[in-house]
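Values reported hereafter were calculated over all heavy atoms of this structure, with side chains retained and with hydrogens, waters and symmetry mates removed. Chain letters run A, B, ... following the sequence lines, proteins first and then strands; every chain starts at 1.
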Amino acid sequence: MDYFAQQLINGLVLGSIYGLIAIGYTMVYGIVGMINFAHGDVFMIGGFIALITFLILISFGLTAIPLILLVVLLVSMAITALYGWTIERIAYRPLRHSFRLAPMLSAIGMSFVLTNYSQVAQGARVKPIPPFITGGYTLHESTDGFVIQLSNIQIMVVITTIVLLAIFTWLVSRTRLGRDMRACEQDQTMAALLGVDVDRTISMTFVIGAALAAVAGLMYLLYYGLVDFFMGFVAGIKAFTAAVLGGIGSLPGAMLGGLAIGLIETFWSAYFSVEYKDVAAFSILIVVLIFMPTGLLGRPEVEKV
Amino acid sequence: MTAPSTNTAKPATGISALLKTAFVNALIALVLFSLMIGIRTEAGSSGQLTYWTRFGDLASIVAAVFGGSIAIELLRQWIGPTGAEKLVPPTVQSGISFIGRYLAPALLIFTLLVPVIFYNQRYILDLAILVLTYVMLGWGLNVVVGLAGLLDLGYVAFYAVGAYSYGLLATNFGWSFWICLPLAGILAAFWGVLLGFPVLRLRGDYLAIVTLAFGEIIRLVIINWQDLTGGPNGVSGIPRPTFFGIPLDNSDDGLAARLGIEYSPTHRIVFLFYLILALALLTNWATIRLRRLPIGRAWEALREDEVACRALGINTTTTKLTAFATGAMFGGFAGAFFATRQGFISPESFTFQESALVLAIVVLGGMGSQLGVALSALAMIGGFELFRSLEGYRMLVFGMAMVLIMIWRPRGLIGHRAPTVYLTKAQAISSDLVKEGHG
């Protein structure tokens, strides 16, 4: 039971990170209707920028950890958001009205560019950082000595996710930008006729998605203590799986799907075999889609005749 | 980055706008690359990270972006808003279509003669075999993506199934290539059907992600099922192909000794070349034949409009399954060939990059166009070779090329094709008029 509770905590933390990346996929899919294959690599870039910012700040002699974290968060969000914006301008905007496969291939191409750009720029080796946030709480200690731990970093990941999710939900449901985004999701042409700047709204979607991916990258860096150029691919597929599982286009669905994938992966590793955890996650995706072709919270797809 | 639409009217504002755009682009580049290029991190021997600055590289990249955006903007103004038509005048276009009619037979004759012309250039023969392997994979995937309009991101899984089928059957039971080849095709087709089942109810992008997941599942199982597949170490010692039972080696009962000619290792390469050429042509022939049969027309109907297809009484279930099975079978053949050519297979050869490469060949060549797929395989694999010395930059350039070609020609290199059925006279239709890949 204690072991189960510990795995539950670990799974929820991992799921939060997947959920943050999955939101980026779901937003872009909801509005533009394309799979942004490069989103996983944007997450990886976010992790790298956070790592480099950490290094610079520490070498300048800063020691106040909250201040460092805040600066790193803002810098990585800002620069990664600019990456998202640039990618949209270069690779996706010219293909907005093209046939369906074109933006997808362009996105796959962009993903290759980002992965290899990062490899060329920063080298292929894994980059570790020393743990910044240490310590934690012991929630429960059973008689046979098994301890349920809740580390500070885990608390931080979950709280950051909840706060971002709250801000983001407010953004989508209450602000002008959110209204524009929902309008574009319904019907881009109609939204444009009614005075919504569709190009700007789509750009902002990519900017926000990339900023969230940067936070996920930072959380990943803090939680696992390392980044490497290839981590975007696997995390990206998992997060996309999460988005599809939750019903792509649905924001609560993305978070739910992220948590589900995180839990499945963690429990599978804990009780069965670590080697097959990805196989388990992908198999469950296939099984869910057989029975619920639009995911857990997805709307039924309308057939356009 | 956006071209001002009235830039020809006032040259004075044109220049200042030009400089402003270039300046903004350079600024964006400066922010983007400031940390990733400007600062290089590396893990030291004790696991401690160190870093050093590369501001020179950063400055040259920013300068290149500044100069580049001015150049692109000037080029854009010079060409004008219509672009493509001005670049290729009508006379040249009619010339191209004239060449197009005779290109395929000429290319085929040239390909047949490649081993004769380049007999002593081992490198070119090896490259030609590699290109033909991708031509075959492209033609195989073309059945699924180009004809049936089903987006498959896990095609390499069937390639892997074929390769491992041959590798394992040949090393464990000692069966010959000619028995294993059809078996590899059948097994791959079986996996195609297996993948097809969950996919039947899915459309579009859901299909893409499920096929991607499927490809990854196969790869992960190959890596982790060490008892059967050897895991990351792969399968080695896969027997070389025989000339219908006669080995192509230096022994007394080898082909060279039997024919009474001097043995040369090139014989095997030449044989492999004609083997993959025959397999590729088989794929091409089968595809062209199938297109004329009811099943091929059902595929194309499915691609154009699934709802109408169902309304017409076409069984979409069997149509999709046959498309997956047929495409997978050709992938399996190609895999068996790959295994016998390499003599060694490992999971590293069957990554998502391979799937994306084959998909890129099909889409860049122009989906449904057999010639286009062959030409783009030649361009992509041949082009890849040009960058062999720049190992780290290869995929970077490949990715950029994918993006640029998509922007330049979203419909692929050959965006026209002859319809399979026509009423009175045959005429090519632009692929802009069909909505393929909408499944």
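- Note on A:V244, A:V75, A:L55: by heavy-atom pairs under 4.5 Å with chain B, the leading option is A:L55.
- Using a 4.5 Å cut-off between heavy atoms, A:Q122 touches chain B through backbone and side chain atoms alike.
- The two residues B:V403 and A:A91 come nearest to each other via the heavy atoms CG1-CB, 3.8 Å.
- Residues A:L51 and B:L49 meet the side-chain proximity criterion, which asks for heavy atoms closer than 4.5 Å.
- Counting only heavy atoms from C-beta outward, the side chains of A:F112 and B:Q353 approach each other to under 4.5 Å.
- For B:I37 against A:A121, the heavy-atom pair with the smallest separation is CD1-CB, 4.0 Å.
- Both the backbone and the side chain of A:S118 come within less than 4.5 Å of a heavy atom in chain B.
- Only the side chain of A:M104 comes within less than 4.5 Å of a heavy atom in chain B; its backbone stays farther off.
- Of the residues considered (B:I223, B:T50, B:L32), B:L32 shows the highest number of contacts with chain A, using heavy-atom pairs under 4.5 Å.
- Put simply, the side chain of A:K127 reaches to within 4.5 Å of the side chain of B:E42, judged on heavy atoms.
- No side-chain heavy atom of B:E216 sits less than 4.5 Å from a side-chain heavy atom of A:D278.
- When heavy atoms are compared at a cutoff of 4.5 Å, B:L153 approaches chain A solely by way of its side chain, counted from C-beta outward.
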Does the side chain to side chain contact (heavy atoms under 4.5 Å, CB included) test come out yes or no for B:L35 and A:I56, once each step is laid out? CA-CA 10 Å; B:L35 293 181; A:I56 296 172; 3.8 Å; yes
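- Each of A:Y92, A:F48, A:F291, A:F233 has some count of heavy-atom pairs under 4.5 Å with chain B, and the biggest count is that of A:F233.
- B:V397 does not touch chain A: none of its heavy atoms, backbone or side chain, sits under 4.5 Å away.
- In this structure, A:Y117 has its ring center closer than 6.0 angstrom to the ring center of B:F33.
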Give the C-alpha distance, both sets of side-chain angles, the deciding distance and a yes or no for side chain to side chain contact (heavy atoms under 4.5 Å, CB included) between B:M402 and A:M110. CA-CA 8 Å; B:M402 263 171 95; A:M110 208 65 217; over 6 Å; no
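- Between A:P94 and B:I407, the shortest heavy-atom contact is CB-CG2, 3.9 Å.
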Begin from the C-alpha positions of B:L212 and A:F37 and carry the test side chain to side chain contact (heavy atoms under 4.5 Å, CB included) through to its verdict. CA-CA 12 Å; B:L212 172 59; A:F37 250 95; 3.7 Å; yes
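- Taking CD1 of A:I108 as the reference point, atom OG of B:S355 lies at 9.0 Å (rounded to 0.5 Å).
- Heavy atoms only, all atoms of each residue included: B:A213 and A:L285 are closest at CB-CD2, 4.0 Å.
- Heavy-atom pairs under 4.5 Å with chain A were tallied for B:R54, B:R40, B:M395, B:M406; the largest tally goes to B:R40.
- Atoms CD1 and CG, from A:I286 and B:L195 in turn, are 7.0 Å apart once rounded to the nearest 0.5 Å.
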What's the verdict on side chain to side chain contact (heavy atoms under 4.5 Å, CB included) for B:Y393 and A:N116, showing C-alpha distance, side-chain angles and the deciding distance? CA-CA 7 Å; B:Y393 295 87; A:N116 291 280; over 6 Å; no
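- Annotation: the span from B:N224 atom CG to A:S273 atom OG amounts to 7.5 Å, rounded to 0.5 Å.
- Between chain B and the options A:I35, A:V120, A:L105, heavy-atom pairs under 4.5 Å are most frequent for A:L105.
- Side chains of B:M36 and A:I52 form a contact here, defined as non-hydrogen atoms less than 4.5 Å apart.
- Within the 4.5 angstrom heavy-atom criterion, no atom of B:R219 approaches chain A.
- Between A:Y276 and B:L220 there is no side-chain heavy-atom pair separated by less than 4.5 Å.
- Nearest heavy-atom pair, A:L82 versus B:I28, reported as atom, atom and distance to 0.1 Å: CD2-O, 3.9 Å.
- Minimum heavy-atom separation, B:I217 to A:S283: CD1-OG, 3.7 Å.
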